[in-house]
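Below, all heavy atoms of this structure are taken into account, side chains as well, without hydrogens, waters or symmetry copies. Below, chain A is the first sequence line, B the second, and so on; all start at residue 1.
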Amino acid sequence: AAGHRKQRKKHQHKANCRRHALYVDFSDVGWNEWIVAPPGYHAFYCHGECPFPLADHLNSTNHAIVQTLVNSVNSNIPRACCVPTELSPISLLYLDEYEKVILKNYQDMVVEGCGCR
Amino acid sequence: GAAGLIPEVGRRKYSESGKQSPEQSENFLNEFELRLLNMFGLKRRPNPSRQAVVPQYMVDLYRMHSLNGDHSTKRPRSMGRHAERAASKANTIRSFHHEESMEALASLKGRTTQQFFFNLTSIPGEELITSAELRVYRDQVLGATAAPTSNTSQNSSNSSRTSSGGFHRINVYEVFGAPASPSGEPLTRLLDTRLVQDSLSRWESFDVSPAVSQWTSGGRHNHGFLVEMLHPDTLEGEEGQRQRRHVRVSRSLHGDQDSWPQARPLLVTYGHDRQGNAVLHRDKRQ
(Lines give C-alpha, C1' and ligand atoms only; values in the text may rest on other atoms or scores of the structure.)
Protein backbone atom coordinates (compact mmCIF):
# COMPACT_ATOMS: atom_id res chain seq x y z
CA ALA A 1 0.00 0.00 0.00
CA ALA A 2 2.86 2.32 0.86
CA GLY A 3 4.44 1.54 -2.49
CA HIS A 4 1.19 2.29 -4.31
CA ARG A 5 0.76 5.54 -2.40
CA LYS A 6 4.33 6.52 -3.24
CA GLN A 7 3.77 5.69 -6.89
CA ARG A 8 0.50 7.63 -6.99
CA LYS A 9 2.14 10.59 -5.28
CA LYS A 10 5.00 10.45 -7.77
CA HIS A 11 2.57 10.27 -10.68
CA GLN A 12 0.52 13.16 -9.27
CA HIS A 13 3.63 15.31 -8.77
CA LYS A 14 4.70 14.60 -12.33
CA ALA A 15 1.37 15.78 -13.66
CA ASN A 16 1.23 18.95 -11.59
CA CYS A 17 2.10 22.33 -12.99
CA ARG A 18 5.86 22.81 -12.99
CA ARG A 19 8.82 24.08 -15.00
CA HIS A 20 10.28 21.76 -17.64
CA ALA A 21 13.60 21.89 -19.47
CA LEU A 22 13.62 23.43 -22.94
CA TYR A 23 16.85 24.34 -24.66
CA VAL A 24 16.38 26.61 -27.67
CA ASP A 25 19.16 25.89 -30.13
CA PHE A 26 19.43 28.76 -32.63
CA SER A 27 20.95 26.48 -35.24
CA ASP A 28 17.69 24.46 -35.27
CA VAL A 29 15.89 27.43 -36.81
CA GLY A 30 18.84 28.74 -38.83
CA TRP A 31 19.27 31.80 -36.62
CA ASN A 32 22.91 30.93 -35.90
CA GLU A 33 23.73 32.73 -39.18
CA TRP A 34 23.03 36.10 -37.57
CA ILE A 35 23.06 35.46 -33.80
CA VAL A 36 26.73 35.43 -32.80
CA ALA A 37 26.23 34.50 -29.15
CA PRO A 38 24.92 32.58 -27.34
CA PRO A 39 24.46 29.52 -29.58
CA GLY A 40 21.22 28.83 -27.73
CA TYR A 41 19.72 29.21 -24.28
CA HIS A 42 17.69 27.41 -21.64
CA ALA A 43 14.21 28.89 -22.07
CA PHE A 44 12.19 26.30 -20.05
CA TYR A 45 8.42 25.97 -20.27
CA CYS A 46 5.50 25.44 -17.92
CA HIS A 47 3.31 22.40 -18.14
CA GLY A 48 1.08 20.36 -15.88
CA GLU A 49 -2.24 20.24 -14.14
CA CYS A 50 -3.65 22.73 -11.68
CA PRO A 51 -5.70 20.26 -9.65
CA PHE A 52 -8.25 20.90 -6.90
CA PRO A 53 -7.30 21.74 -4.18
CA LEU A 54 -4.40 23.93 -5.30
CA ALA A 55 -1.30 23.32 -3.21
CA ASP A 56 0.82 26.21 -1.95
CA HIS A 57 3.76 25.31 -4.14
CA LEU A 58 1.63 25.80 -7.24
CA ASN A 59 2.11 29.50 -6.76
CA SER A 60 -1.52 30.35 -7.45
CA THR A 61 -3.48 33.58 -7.21
CA ASN A 62 -6.70 34.04 -5.23
CA HIS A 63 -8.54 34.07 -8.53
CA ALA A 64 -6.99 30.76 -9.59
CA ILE A 65 -8.01 29.17 -6.26
CA VAL A 66 -11.62 30.34 -6.72
CA GLN A 67 -11.68 29.26 -10.39
CA THR A 68 -10.37 25.80 -9.45
CA LEU A 69 -13.00 25.53 -6.71
CA VAL A 70 -15.78 26.43 -9.16
CA ASN A 71 -14.38 23.93 -11.68
CA SER A 72 -14.69 21.20 -9.02
CA VAL A 73 -18.46 21.69 -9.00
CA ASN A 74 -19.00 22.89 -12.57
CA SER A 75 -16.71 21.37 -15.21
CA ASN A 76 -17.85 23.93 -17.82
CA ILE A 77 -15.55 26.37 -16.08
CA PRO A 78 -11.97 25.40 -16.95
CA ARG A 79 -9.23 24.84 -14.41
CA ALA A 80 -6.63 27.51 -13.82
CA CYS A 81 -3.80 27.54 -16.36
CA CYS A 82 -0.18 26.55 -15.77
CA VAL A 83 1.79 29.58 -16.90
CA PRO A 84 5.12 31.35 -16.32
CA THR A 85 4.92 33.54 -13.21
CA GLU A 86 8.47 34.81 -13.30
CA LEU A 87 10.66 35.45 -16.31
CA SER A 88 14.17 36.77 -16.76
CA PRO A 89 16.00 38.47 -19.66
CA ILE A 90 18.86 37.27 -21.83
CA SER A 91 21.38 39.21 -23.91
CA LEU A 92 21.99 38.44 -27.55
CA LEU A 93 24.96 39.47 -29.63
CA TYR A 94 23.87 39.56 -33.26
CA LEU A 95 24.28 41.12 -36.68
CA ASP A 96 21.28 43.10 -37.88
CA GLU A 97 20.00 43.49 -41.43
CA TYR A 98 22.67 46.17 -42.09
CA GLU A 99 25.48 43.92 -40.77
CA LYS A 100 25.89 46.13 -37.69
CA VAL A 101 26.82 44.27 -34.53
CA ILE A 102 24.36 44.73 -31.67
CA LEU A 103 24.34 43.56 -28.08
CA LYS A 104 20.80 43.76 -26.79
CA ASN A 105 18.98 42.72 -23.66
CA TYR A 106 15.63 41.00 -24.30
CA GLN A 107 13.04 40.89 -21.55
CA ASP A 108 11.03 37.85 -20.48
CA MET A 109 12.95 35.21 -22.41
CA VAL A 110 13.65 32.62 -19.68
CA VAL A 111 11.00 31.02 -17.46
CA GLU A 112 12.14 31.22 -13.86
CA GLY A 113 8.94 30.04 -12.19
CA CYS A 114 5.59 28.49 -13.09
CA GLY A 115 2.25 28.74 -11.38
CA CYS A 116 -1.50 28.24 -11.69
CA ARG A 117 -3.17 31.45 -12.76
CA GLY B 1 9.11 32.69 -46.46
CA ALA B 2 12.75 31.73 -46.99
CA ALA B 3 13.82 35.32 -46.30
CA GLY B 4 11.83 35.46 -43.05
CA LEU B 5 12.54 34.53 -39.47
CA ILE B 6 10.23 31.51 -39.52
CA PRO B 7 12.07 28.55 -41.06
CA GLU B 8 10.49 26.94 -44.14
CA VAL B 9 9.95 23.67 -42.23
CA GLY B 10 7.84 25.42 -39.60
CA ARG B 11 5.83 27.25 -42.25
CA ARG B 12 5.11 24.01 -44.11
CA LYS B 13 4.13 22.15 -40.96
CA TYR B 14 1.67 24.86 -39.98
CA SER B 15 0.18 25.17 -43.46
CA GLU B 16 -0.25 21.39 -43.71
CA SER B 17 -1.95 21.13 -40.32
CA GLY B 18 -5.20 21.93 -42.18
CA LYS B 19 -6.67 24.04 -39.39
CA GLN B 20 -7.14 26.99 -41.73
CA SER B 21 -7.24 27.67 -45.44
CA PRO B 22 -3.80 28.10 -47.09
CA GLU B 23 -4.45 31.84 -47.47
CA GLN B 24 -5.43 32.23 -43.80
CA SER B 25 -2.37 30.23 -42.75
CA GLU B 26 -0.08 32.47 -44.78
CA ASN B 27 -1.63 35.63 -43.30
CA PHE B 28 -1.35 34.25 -39.80
CA LEU B 29 2.29 33.27 -40.32
CA ASN B 30 3.14 36.67 -41.81
CA GLU B 31 1.56 38.39 -38.81
CA PHE B 32 3.46 36.17 -36.41
CA GLU B 33 6.66 36.87 -38.29
CA LEU B 34 6.09 40.61 -38.01
CA ARG B 35 5.80 40.17 -34.25
CA LEU B 36 9.05 38.20 -34.18
CA LEU B 37 10.85 40.85 -36.24
CA ASN B 38 9.42 43.58 -34.02
CA MET B 39 10.63 41.72 -30.94
CA PHE B 40 14.18 41.72 -32.30
CA GLY B 41 13.91 45.27 -33.62
CA LEU B 42 14.50 44.09 -37.20
CA LYS B 43 12.86 44.99 -40.50
CA ARG B 44 13.84 41.78 -42.28
CA ARG B 45 15.81 38.64 -41.56
CA PRO B 46 19.53 39.48 -41.29
CA ASN B 47 21.63 37.72 -43.87
CA PRO B 48 25.22 38.65 -43.03
CA SER B 49 27.94 38.09 -45.60
CA ARG B 50 31.14 36.20 -44.90
CA GLN B 51 32.98 39.51 -44.75
CA ALA B 52 30.92 40.66 -41.76
CA VAL B 53 33.23 41.41 -38.83
CA VAL B 54 32.25 41.08 -35.20
CA PRO B 55 34.49 43.46 -33.22
CA GLN B 56 36.32 41.76 -30.36
CA TYR B 57 35.18 44.58 -28.09
CA MET B 58 31.53 43.60 -28.60
CA VAL B 59 32.38 39.98 -27.81
CA ASP B 60 34.14 41.18 -24.64
CA LEU B 61 31.08 43.22 -23.65
CA TYR B 62 28.86 40.21 -24.22
CA ARG B 63 31.15 37.97 -22.15
CA MET B 64 31.32 40.52 -19.39
CA HIS B 65 27.56 40.56 -19.24
CA SER B 66 27.04 36.83 -19.47
CA LEU B 67 29.56 36.28 -16.66
CA ASN B 68 28.09 39.10 -14.63
CA GLY B 69 27.08 37.01 -11.68
CA ASP B 70 30.51 35.44 -11.44
CA HIS B 71 32.50 37.74 -9.18
CA SER B 72 35.77 36.03 -10.08
CA THR B 73 35.38 37.34 -13.63
CA LYS B 74 37.35 40.47 -14.28
CA ARG B 75 36.39 43.29 -16.58
CA PRO B 76 37.93 42.73 -20.07
CA ARG B 77 41.20 44.60 -20.46
CA SER B 78 39.88 46.47 -23.46
CA MET B 79 36.93 47.86 -21.53
CA GLY B 80 37.13 51.14 -19.67
CA ARG B 81 35.22 52.18 -16.57
CA HIS B 82 33.37 54.68 -18.75
CA ALA B 83 32.00 51.84 -20.91
CA GLU B 84 31.04 49.78 -17.89
CA ARG B 85 29.11 52.73 -16.46
CA ALA B 86 27.44 53.41 -19.83
CA ALA B 87 26.49 49.76 -20.27
CA SER B 88 24.91 49.69 -16.82
CA LYS B 89 22.29 52.16 -18.06
CA ALA B 90 21.77 50.80 -21.59
CA ASN B 91 19.84 47.84 -22.93
CA THR B 92 21.15 48.14 -26.47
CA ILE B 93 24.81 48.49 -27.44
CA ARG B 94 25.60 49.06 -31.12
CA SER B 95 28.92 49.15 -32.91
CA PHE B 96 29.72 50.96 -36.15
CA HIS B 97 32.67 51.07 -38.51
CA HIS B 98 33.23 54.26 -40.43
CA GLU B 99 32.44 54.68 -44.11
CA GLU B 100 35.88 54.32 -45.64
CA SER B 101 34.77 55.88 -48.93
CA MET B 102 34.09 59.14 -47.06
CA GLU B 103 37.27 59.35 -45.01
CA ALA B 104 39.62 62.26 -45.51
CA LEU B 105 43.18 61.85 -44.35
CA ALA B 106 45.62 64.72 -44.15
CA SER B 107 49.14 64.65 -42.84
CA LEU B 108 51.31 67.67 -42.35
CA LYS B 109 54.55 67.86 -40.42
CA GLY B 110 53.83 66.94 -36.83
CA ARG B 111 50.08 66.65 -37.35
CA THR B 112 47.82 63.98 -38.84
CA THR B 113 44.07 64.49 -39.17
CA GLN B 114 41.46 61.99 -40.21
CA GLN B 115 37.81 62.73 -40.87
CA PHE B 116 35.37 59.93 -40.14
CA PHE B 117 31.75 59.46 -41.00
CA PHE B 118 29.65 56.84 -39.25
CA ASN B 119 26.26 56.03 -40.72
CA LEU B 120 23.93 55.93 -37.70
CA THR B 121 20.64 55.75 -39.60
CA SER B 122 20.05 52.16 -38.43
CA ILE B 123 19.45 53.41 -34.85
CA PRO B 124 15.66 53.46 -34.35
CA GLY B 125 14.09 56.79 -33.43
CA GLU B 126 12.69 55.46 -30.15
CA GLU B 127 16.16 54.50 -28.90
CA LEU B 128 17.61 57.06 -26.53
CA ILE B 129 21.40 57.23 -26.81
CA THR B 130 22.79 57.72 -23.33
CA SER B 131 26.47 57.43 -24.17
CA ALA B 132 28.89 56.87 -27.05
CA GLU B 133 32.59 56.18 -27.32
CA LEU B 134 34.96 56.37 -30.25
CA ARG B 135 37.64 53.71 -29.95
CA VAL B 136 40.94 54.06 -31.76
CA TYR B 137 43.67 51.44 -31.78
CA ARG B 138 47.18 52.61 -31.13
CA ASP B 139 50.18 50.47 -31.87
CA GLN B 140 53.37 50.69 -29.90
CA VAL B 141 55.97 52.79 -31.72
CA LEU B 142 58.66 50.31 -32.56
CA GLY B 143 62.12 51.30 -31.47
CA ALA B 144 60.86 53.33 -28.52
CA THR B 145 63.40 52.77 -25.76
CA ALA B 146 62.16 51.65 -22.38
CA ALA B 147 62.90 53.77 -19.37
CA PRO B 148 61.56 52.62 -16.00
CA THR B 149 59.59 55.13 -13.96
CA SER B 150 58.39 55.15 -10.39
CA ASN B 151 54.73 54.59 -11.44
CA THR B 152 52.81 51.31 -11.18
CA SER B 153 54.48 48.11 -12.30
CA GLN B 154 52.44 48.05 -15.53
CA ASN B 155 53.44 51.58 -16.41
CA SER B 156 57.06 51.13 -15.52
CA SER B 157 57.44 48.00 -17.61
CA ASN B 158 56.02 49.74 -20.67
CA SER B 159 57.42 53.21 -20.27
CA SER B 160 59.62 54.67 -22.89
CA ARG B 161 61.11 57.87 -24.09
CA THR B 162 61.56 58.82 -27.70
CA SER B 163 62.80 62.06 -29.12
CA SER B 164 59.29 63.51 -28.58
CA GLY B 165 59.35 62.53 -24.94
CA GLY B 166 57.32 59.37 -25.66
CA PHE B 167 53.96 61.11 -25.81
CA HIS B 168 51.46 62.02 -28.53
CA ARG B 169 48.26 63.95 -28.23
CA ILE B 170 45.02 62.74 -29.77
CA ASN B 171 42.17 65.22 -30.12
CA VAL B 172 38.67 64.20 -31.19
CA TYR B 173 36.41 66.86 -32.68
CA GLU B 174 32.83 66.93 -33.88
CA VAL B 175 32.59 68.33 -37.39
CA PHE B 176 29.61 70.65 -37.54
CA GLY B 177 30.15 72.55 -40.73
CA ALA B 178 31.87 72.59 -44.07
CA PRO B 179 35.04 74.65 -44.46
CA ALA B 180 34.57 78.32 -45.26
CA SER B 181 36.85 78.00 -48.29
CA PRO B 182 37.65 74.91 -50.43
CA SER B 183 41.17 74.78 -49.05
CA GLY B 184 40.10 75.58 -45.52
CA GLU B 185 39.46 73.30 -42.55
CA PRO B 186 35.99 72.14 -41.47
CA LEU B 187 34.28 73.81 -38.53
CA THR B 188 34.89 71.67 -35.50
CA ARG B 189 34.29 71.47 -31.79
CA LEU B 190 36.59 69.60 -29.40
CA LEU B 191 34.89 66.60 -27.76
CA ASP B 192 37.74 64.80 -26.02
CA THR B 193 41.51 64.87 -25.84
CA ARG B 194 44.24 62.63 -24.45
CA LEU B 195 47.95 62.57 -24.07
CA VAL B 196 49.08 59.04 -24.90
CA GLN B 197 52.31 57.20 -24.34
CA ASP B 198 53.60 55.90 -27.65
CA SER B 199 55.30 52.83 -26.21
CA LEU B 200 51.98 51.14 -25.36
CA SER B 201 49.76 49.14 -27.72
CA ARG B 202 46.17 49.61 -26.68
CA TRP B 203 42.74 50.91 -27.53
CA GLU B 204 42.00 54.50 -26.63
CA SER B 205 38.40 55.38 -25.85
CA PHE B 206 37.09 58.89 -26.39
CA ASP B 207 33.79 60.16 -25.07
CA VAL B 208 31.73 61.39 -28.02
CA SER B 209 28.33 61.21 -26.28
CA PRO B 210 27.30 64.86 -26.77
CA ALA B 211 27.68 64.69 -30.56
CA VAL B 212 26.09 61.26 -31.08
CA SER B 213 23.07 61.95 -28.86
CA GLN B 214 22.48 65.19 -30.77
CA TRP B 215 22.78 63.43 -34.15
CA THR B 216 20.44 60.58 -33.23
CA SER B 217 17.82 62.79 -31.58
CA GLY B 218 17.75 65.02 -34.66
CA GLY B 219 19.19 68.00 -32.83
CA ARG B 220 22.13 68.34 -35.22
CA HIS B 221 23.18 66.97 -38.59
CA ASN B 222 25.80 64.22 -38.58
CA HIS B 223 28.93 65.56 -40.31
CA GLY B 224 31.21 63.05 -38.62
CA PHE B 225 34.31 63.33 -36.47
CA LEU B 226 37.77 64.67 -36.99
CA VAL B 227 40.57 62.91 -35.17
CA GLU B 228 43.81 64.85 -34.86
CA MET B 229 47.11 63.28 -33.87
CA LEU B 230 49.80 65.68 -32.76
CA HIS B 231 53.32 64.34 -32.77
CA PRO B 232 55.49 66.85 -30.97
CA ASP B 233 59.03 67.15 -32.34
CA THR B 234 58.38 64.41 -34.88
CA LEU B 235 61.47 63.01 -36.51
CA GLU B 236 61.95 63.31 -40.23
CA GLY B 237 62.35 60.42 -42.64
CA GLU B 238 61.50 56.79 -41.95
CA GLU B 239 61.42 57.15 -38.16
CA GLY B 240 58.99 60.04 -38.46
CA GLN B 241 56.75 58.06 -40.82
CA ARG B 242 56.65 55.18 -38.35
CA GLN B 243 55.64 57.49 -35.50
CA ARG B 244 52.83 59.02 -37.56
CA ARG B 245 51.46 55.62 -38.58
CA HIS B 246 51.07 54.14 -35.12
CA VAL B 247 47.48 55.33 -34.58
CA ARG B 248 45.27 53.04 -36.67
CA VAL B 249 42.80 55.53 -38.07
CA SER B 250 43.05 54.61 -41.73
CA ARG B 251 43.61 51.50 -43.83
CA SER B 252 46.39 53.36 -45.63
CA LEU B 253 48.19 53.89 -42.31
CA HIS B 254 47.74 50.26 -41.34
CA GLY B 255 50.51 47.93 -42.39
CA ASP B 256 48.78 44.58 -41.97
CA GLN B 257 45.60 44.41 -44.07
CA ASP B 258 44.47 41.14 -42.47
CA SER B 259 44.32 42.64 -39.00
CA TRP B 260 42.72 45.92 -40.13
CA PRO B 261 39.09 44.73 -39.59
CA GLN B 262 39.86 44.18 -35.89
CA ALA B 263 42.06 47.26 -35.50
CA ARG B 264 40.02 49.89 -37.31
CA PRO B 265 38.24 52.65 -35.40
CA LEU B 266 34.98 51.70 -33.79
CA LEU B 267 32.06 53.82 -32.67
CA VAL B 268 30.05 52.22 -29.85
CA THR B 269 26.67 53.62 -28.84
CA TYR B 270 24.87 52.84 -25.60
CA GLY B 271 21.12 53.30 -25.76
CA HIS B 272 17.83 52.37 -24.20
CA ASP B 273 14.64 51.62 -26.10
CA ARG B 274 12.63 52.14 -22.89
CA GLN B 275 11.79 48.45 -22.72
CA GLY B 276 13.27 46.36 -19.96
CA ASN B 277 16.48 46.37 -18.01
CA ALA B 278 20.00 47.41 -18.85
CA VAL B 279 22.42 45.01 -20.53
CA LEU B 280 24.68 44.93 -17.50
CA HIS B 281 21.82 44.98 -15.00
CA ARG B 282 22.92 42.92 -12.04
CA ASP B 283 20.33 40.28 -11.37
CA LYS B 284 20.68 38.47 -8.04
CA ARG B 285 19.44 35.25 -9.61
CA GLN B 286 22.10 35.39 -12.29
Side-chain angles (χ1 to χ4, degrees), chain A residues 17-47 57-59 78 81 83-115 117, chain B residues 2 5-10 36-37 39-49 51-55 57-66 68 87 90-97 118-123 127 266-273 275-281 283 285-286:
Chain A
C17 174
R18 67 178 178 91
R19 191 174 81 149
H20 297 261
L22 165 66
Y23 182 76
V24 176
D25 192 331
F26 293 135
S27 62
D28 283 348
V29 285
W31 289 5
N32 55 331
E33 290 167 13
W34 56 279
I35 296 180
V36 180
Y41 74 106
H42 291 282
F44 302 101
Y45 69 96
C46 299
H47 185 66
H57 70 269
L58 291 176
N59 199 12
C81 296
V83 292
T85 52
E86 201 187 339
L87 294 137
S88 64
I90 61 161
S91 284
L92 295 181
L93 181 67
Y94 66 93
L95 288 139
D96 72 1
E97 61 271 53
Y98 309 104
E99 290 197 359
K100 306 286 184 207
V101 181
I102 299 172
L103 172 60
K104 195 169 166 73
N105 191 258
Y106 290 96
Q107 285 298 107
D108 302 339
M109 295 287 281
V110 177
V111 175
E112 295 291 349
C114 297
R117 298 289 161 98
Chain B
L5 281 185
I6 305 173
E8 194 51 38
V9 185
L36 259 182
L37 287 165
M39 185 186 106
F40 282 109
L42 302 168
K43 290 186 182 75
R44 59 177 186 275
R45 187 192 199 280
N47 192 18
S49 64
Q51 284 79 43
V53 175
V54 179
Y57 184 59
M58 293 298 280
V59 177
D60 289 347
L61 283 178
Y62 169 77
R63 284 203 187 126
M64 185 180 147
H65 167 61
S66 56
N68 209 5
N91 76 348
T92 309
I93 303 176
R94 295 172 190 271
S95 64
F96 300 86
H97 285 133
F118 293 91
N119 186 351
L120 305 179
T121 51
S122 61
I123 299 178
E127 193 172 308
L266 188 72
L267 177 68
V268 183
T269 65
Y270 299 85
H272 205 289
D273 59 6
Q275 288 174 27
N277 294 329
V279 171
L280 296 184
H281 174 75
D283 190 321
R285 190 180 305 275
Q286 285 177 330

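- In this structure, A:Tyr106 and B:Phe40 have perpendicular ring planes: the angle between them is above 60°, well past the 30° mark.
- Between B:Pro48 and A:Asp96, every side-chain heavy-atom pair lies at or beyond the 4.5 Å cut-off.
- Comparing B:Ser49, B:Pro55, B:Gly41 by how many heavy-atom pairs each has under 4.5 Å with chain A, the most go to B:Ser49.
- Contacts between A:Gln107 and chain B at a heavy-atom distance below 4.5 Å involve the side chain alone, from C-beta outward.
- Residue A:Val29 touches chain B through both its backbone and its side chain, counting heavy-atom pairs closer than 4.5 Å.
- Proximity to chain B involves both the backbone and the side chain of A:Glu33, based on heavy atoms less than 4.5 angstrom apart.
- Contact check for A:Arg117 versus A:Asn59: side-chain heavy atoms found under the 4.5 Å cut-off.
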Test disulfide bond (SG atoms under 2.5 Å apart) on A:Cys114 and A:Cys46 and set out the steps.
-> CA-CA 6 Å; A:Cys114 297; A:Cys46 299; 2.0 Å; yes

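- Looking at B:Val9, neither its backbone nor its side chain comes within 4.5 Å of chain A, counting heavy atoms on both sides.
- To the nearest 0.5 Å, the span separating NZ on A:Lys104 from CD1 on A:Ile90 amounts to 12.5 Å.
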